[in-house]
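Below, chain A is the first sequence line, B the second, and so on; all start at residue 1.
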Amino acid sequence: MSVNLVIVESPAKAKTIEKFLGKDFKVVSSFGHIRDLSKKNIGIDIKNGFKPEYIIPDDKKKVVRKLCKEASNASLVWLASDEDREGEAIAWHLAQVLDLPAEKTKRIVFHEITKGAIEKAVTSPRGINISLVNAQQARRVLDRLVGYEISPILWKKVQPALSAGRVQSVALRLIVERERDIISFKPVLSYRLTADFIIDSADKGKAILKAEASKKITREKDARSFLELCAAASYSIDDITVKPGTRSPAPPFTTSTLQQEAYSKLGFSVSQTMAVAQRLYESGKITYMRTDSTNLSQLAVNTAAIAIKEEYGEEYSRPRQYKTKSKGAQEAHEAIRPTYMNKKIIQGTQQEKKLYELIWKRTAACQMSNAKVEKTSIRIAMSNTDTHFLAQAEVVKFDGFLKVYRESSDNNGENGTKTLIPPVKKGMDLKYESIIARERTSLQPARYTEASLVKKMEELGIGRPSTYAPVISTIQNRGYVAREDRPGEPRRINILTLTAGIIKQTGQTEKTGYEKSKLFPKNIGILVNDFLVEHFSNIIDYNFTANIEVQFDKIAEGKKEWDSMLEEFYDPFHRRVSSTLTEANRKTGIRELGADPETGEPVYVKMGRFGPVAQIGDASDDKKPRFASLLKGQLLETIQFKEALELFKLPRKLDEYEGHEMLVGIGRFGPFVKHNNKFYSLKKGVDDPYNITSERAIELIQEKRESDKKKEINRFGDILVLKGRYGPYISYKKKNYKIPKGTDPESLSEEDCLKIIEKNSGSGKKK
DNA sequence: CAGTGAGCGAGCTTCCGCTTGACTT
């Protein structure tokens with residue numbers, strides 16, 4: 001009975017701590033929260049001071065049973081959940097559920113998992129801070145009220161199974177508003193004026209000095225007259241300035257910055273990063289990966305200094321501590337760093353190695369010296385005008401942290417001036433080799449990537465490290481947004497080149513609007529957002545979370561009662577919920593685009609039951625309107641009249657072939673020919689469903705039959721033995737079955753196949 | 001998987017933050 005029981009949130013943490021504390025202590029984990037609001041009704045007794053109805057979720061019952069048993073065997077229980085709002089609540093729920101008497105219970109906290117920190121924590125226990133717990137309850141209840149009162153309105157007024165919430169709805173709003181910025185964006189044309197000057201020095205030979213003119217030009221006419229001026233001018237260097245500067249490293253990783261850098265440097269999605277980091281954490285290679293803190297333990301700072309001096313030399317080491325500056329940070333953990341800085345490389349999968357290396361480098365860099373740079377700018381005057389050219393270069397004099405880590409920049413458009421500056425002197429005369437006026441367009445606002453959305457959410461203080469990845473999944477799962485690529489469109493760029501006094505005009509095609517893995521809003525997402533902006537503008541205000549956080553802080557400080565805070569919020573909120581339910585119209589996003597040239601009937605687009613549709617004519621007793629689904633990527637908001645009419649040209653009938661009609665259409669997987677109930681895909685970039693001929697369709701059918709024949713190993717009536725991408729398999733009545741390992745697919749008889757099918761369909765539970 | 005576009009209105013959907021497995025394909 002003389003055992004000390006320590007309860008922490010994470011099992012990996014429990015394992016480490018147990019080692020530090022010795023055999024008088026048993027350390028177990030609660031696996032996060034052990035109780036939550038009931039899902040029945042709303043889980044809150046609103047009329048009774050917002051009393052929460054807590055239940056233990058099914059997947060937590062086993063843990064709780066175990067904790068109960070351990071607690072009853074212990075003489076002292078140490079609640080060591082994190083030192084933030086959620087952690088305090090976990091401790092409180094544990095005390096409640098495990099029925100721990102006050103004299104048997106101690107609350108301890110530590111911010112880093114080091115022997116010293118834990119030993120110190122044990123010497124200074126405290127009680128549970130009920131004000132902090134109440135702040136968490138207020139947070140939890142408010143989120144439930146918002147989510148569970150608004151979502152059902154969407155089911156009635158927009159579509160079933162949709163959702164709204166304090167965090168997800170703001171994330172969605174960011175994406176929708178950015179798309180609108182792009183839609184209304186008008187590119188501004190201008191000319192970029194660059195020159196290559198020749199430097200001829202006796203000892204080093206010919207070199208090129210690249211420079212850009214100070215002038216802003218928007219019209220081709222002006223670009224041409226400027227080049228004419230250039231042709232007549234003489235050039236000389238009239239000023240050289242050299243400025244020293246320093247660059248300092250970025251702070252160590254938090255969840256959000258890790259997600260951003262893993263995305264841009266390694267191409268990991270946000271959820272992928274978290275999954276890989278989780279494995280590194282569980283195998284003891286890195287510290288906890290869900291954190292908003294940039295704090296490093298003293299131990300980490302010291303070991304980093306040793307590792308850096310050993311690897312790069314004394315002059316590269318510069319120990320630093322960082323202060324967290326993000327909004328609403330709760331600082332329960334350290335920054336994300338390697339557990340052991342002396343391990344630069346680890347064993348593991350490719351992904352684990354890459355992510356670990358990234359974390360190691362970032363951590364090392366933040367404990368390294370500043371880089372010293374020298375910025376040189378050279379001004380080149382023209383003899384016949386005030387306009388001048390400027391050549392700029394930056395030379396790294398001492399690399400410092402840049403030796404291991406360079407943070408990726410957001411604006412991937414501008415490529416920094418990497419030009420080396422040849423030896424030049426003030427007053428030197430120059431000759432140009434070429435001067436180019438190149439047309440360019442201003443860049444449209446950038447669509448969010450998963451990673452840049454996380455960055456924005458963190459700036460606004462919405463979401464927490466543990467929820468960034470899930471929220472991004474939610475808005476995709478609801479069909480509000482999709483991660484997509486866009487091929488971009490070619491655009492003709494005008495170029496004027498001056499060489500040897502002669503101006504030549506040429507052109508070049510550039511790709512504009514190319515997008516890779518960006519978040520695009522979908523029609524239903526836009527409708528939901530607009531509905532929420534219209535009826536719940538205060539909830540999806542970008543400052544809503546920041547404002548209520550101030551209230552939560554007051555509760556945490558004991559300066560405000562949590563039920564009265566909720567009442568102040570709920571009364572006007574619920575009135576708005578009721579009035580929206582009775583008054584708001586159904587939201588379909590309907591737009592009338594024009595009149596059908598054939599019948600004169602109105603043409604609409606709107607959100608239908610199965611997605612966005614175009615419609616010709618109105619429904620009446622004797623007439624049905626015609627419908628056609630919008631194509632993937634077409635928005636109700638931007639689709640043009642002509643594009644809508646195009647949709648009605650499909651499906652299109654072709655000639656008969658082998659006694660069956662051929663039909664061309666566009667389905668979920670793109671354009672197809674349907675023949676005798678079988679589907680044949682059109683070739684991407686080759687065939688066009690609006691113009692494809694019967695001859696070409698027959699060709700496609702025959703090609704597909706040929707390639708299917710090659711896949712076929714054997715056939716018994718309905719049962720097919722086929723060669724697939726992942727090896728041989730059996731196909732029967734549109735279902736596929738794995739062939740057991742070590743079986744020769746050629747030798748399978750009909751009976752064998754039936755056995756396999758029977759065996760595998762018996763256990764096939766469908767979700 | 002390649003359509004549908006309506007309804008008598010059953011019964012369901014949904015939030016945010018803590019934390020990891022338990023299941024198959």
Side-chain angles (χ1 to χ4, degrees), chain A residues 8-14 29-37 39 42-44 57-60 62-63 81-82 84-91 93 136 139-156 159-169 275 278-279 281-282 288-290 330 332 462-468 470-471 474 478 539 545 588 604 606-615 619 624-629 650-651 663-674 677-681 726 729 734 736-738 760 763-767:
Chain A
V8 295
E9 291 180 36
S10 147
K13 201 167 166 179
S29 146
S30 76
F31 294 81
H33 276 294
I34 54 156
R35 282 205 301 192
D36 192 13
L37 296 175
K39 290 206 178 215
I42 201 162
I44 303 159
D58 287 343
D59 59 334
K60 287 290 161 66
K62 218 171 116 188
V63 187
S81 44
D82 298 343
D84 58 13
R85 208 157 62 197
E86 299 298 327
E88 202 67 19
I90 289 174
H93 280 300
Q136 192 275 346
R139 198 280 304 155
R140 179 68 191 92
V141 169
L142 184 137
D143 281 337
R144 170 58 67 83
L145 290 170
V146 168
Y148 273 44
E149 292 211 358
I150 300 184
S151 298
I153 305 179
L154 295 177
W155 307 341
K156 280 193 92 159
Q159 219 172 67
L162 298 176
S163 65
R166 175 177 58 82
V167 173
Q168 60 168 280
S169 297
Q278 175 88 29
R279 290 202 299 271
Y281 167 66
E282 280 170 8
Y288 196 56
M289 65 284 156
R290 290 185 277 263
Q330 310 209 355
I462 61 165
R464 303 279 311 128
S466 64
T467 60
Y468 295 137
V471 164
T474 299
R478 297 274 173 277
I539 305 290
T545 291
T588 62
Y604 309 101
K606 66 171 191 186
M607 183 58 78
R609 281 212 307 156
F610 309 107
V613 287
Q615 175 181 343
K624 270 190 170 178
R626 293 167 64 204
F627 293 98
S629 291
L650 296 176
L663 202 69
V664 189
I666 296 180
R668 289 168 51 187
F669 304 106
F672 63 86
V673 179
K674 186 180 174 190
N677 274 325
K678 284 205 173 92
F679 292 85
Y680 305 88
S681 291
Y726 310 112
Y729 66 100
K734 298 203 165 181
N736 297 338
Y737 302 87
K738 242 197 306 202
N760 288 301
S763 65
K765 277 177 290 179
K766 262 205 161 176
K767 216 183 128 185

Hey, does [X] reach any base, or is it just sugar-phosphate, or nothing, if we go heavy atoms under 4.0 Å?
X      : value
A:A164 : sugar-phosphate
A:V613 : base
A:K39  : base
A:G87  : nothing

If only side-chain N and O atoms of [X] are considered, is one of them under 4.0 Å from the OP1 or OP2 phosphate oxygen of [N]?
X      : N      : result
A:R166 : B:dG17 : yes
A:R626 : B:dG5  : no
A:Q278 : B:dT20 : yes
A:R478 : B:dC15 : yes
A:Y148 : B:dC16 : no
A:S10  : B:dT20 : yes
A:K60  : B:dT20 : no
A:S151 : B:dC15 : no
A:T467 : B:dC16 : no

Exam field: side chain [X] to backbone [Y], donor-acceptor pair closer than 3.5 Å:
X      : Y      : value
A:S29  : A:E9   : yes
A:K60  : A:F31  : yes
A:S151 : A:A164 : yes

Quick one: list whatever passes salt bridge (Lys or Arg N to Asp or Glu O under 4.0 Å) with [X], sequence neighbours left out.
X      : answer
A:K13  : A:D82
A:D143 : A:R139, A:R166
A:R144 : none

How would you list, by chain and number, every residue that makes a side-chain hydrogen bond (donor to acceptor under 3.5 Å, both in side chains) with A:Y604, sequence neighbours excluded?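 By the side-chain hydrogen bond (donor to acceptor under 3.5 Å, both in side chains) rule, A:Y604 matches A:D618.
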Q.
My understanding is that only residues two or more places apart in sequence, or in another chain, count here; which of them pass side-chain hydrogen bond (donor to acceptor under 3.5 Å, both in side chains) with A:Y680?
A.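 Not a single residue meets the side-chain hydrogen bond (donor to acceptor under 3.5 Å, both in side chains) criterion with A:Y680.
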Among the nucleotides [options], which one has an atom lying closest to any side-chain atom of [X]?
X      : options                : result
A:W155 : B:dC18, B:dT20, B:dT14 : B:dT14
A:Y281 : B:dT14, B:dC16, B:dT20 : B:dT20
A:K674 : B:dG17, B:dG3, B:dT19  : B:dG3
A:P11  : B:dT20, B:dA2, B:dG17  : B:dT20
A:F679 : B:dC18, B:dC15, B:dG3  : B:dG3

Is there aromatic stacking of A:F610 on B:dG3 here, judged by a ring-centre distance under 5.5 Å and a plane angle under 30°?
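Not stacked by the 5.5 Å and 30° rule.
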Q) With centres under 5.5 Å and planes under 30°, do A:F31 and B:dC18 count as stacked? A)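 No, A:F31 does not stack on the base of B:dC18.
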Rounded interatomic separation in angstrom, taking [atom1] from [X] and [atom2] from [N]:
X      : N      : atom1 : atom2 : result
A:F627 : B:dA2  : CZ    : P     : 19 Å
A:L162 : B:dC12 : CG    : P     : 18 Å
A:K156 : B:dG11 : NZ    : P     : 16 Å
A:E282 : B:dT19 : CD    : P     : 12 Å
A:I153 : B:dT14 : CD1   : P     : 16 Å
A:D84  : B:dG17 : CG    : P     : 12 Å
A:Q168 : B:dG17 : CD    : P     : 11 Å
A:L142 : B:dC15 : CG    : P     : 15 Å

Need to verify one output field. Residue with the more 5' nearest nucleotide on DNA chain B, A:F672 or A:G147?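 Nearer the 5' end of the strand: A:F672.
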Base [N] to side chain [X], donor-acceptor N/O within 3.5 Å cut-off:
X      : N      : answer
A:R144 : B:dC16 : no
A:R464 : B:dC16 : no
A:S629 : B:dG5  : yes

Exercise. If we only count heavy atoms from C-beta on, is the A:Q136 to A:I90 side-chain gap below 4.5 Å?
Worked result: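 No; the side chains remain at least 4.5 Å from each other.
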Among A:R140, A:R464, A:H33, side chain to side chain donor-acceptor pair (under 3.5 Å) partner for A:E86
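Only one of A:R140, A:R464, A:H33 forms a side chain to side chain donor-acceptor pair (under 3.5 Å) with A:E86, namely A:H33.
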- prompt: What stems involve DNA chain B, if each pair must be Watson-Crick or G-U and both of its distances must be under 3.5 Å, with 3 or more such pairs in a row?
  reply: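 Ordered by first number, the stems with DNA chain B amount to none, as no run of 3 pairs exists.
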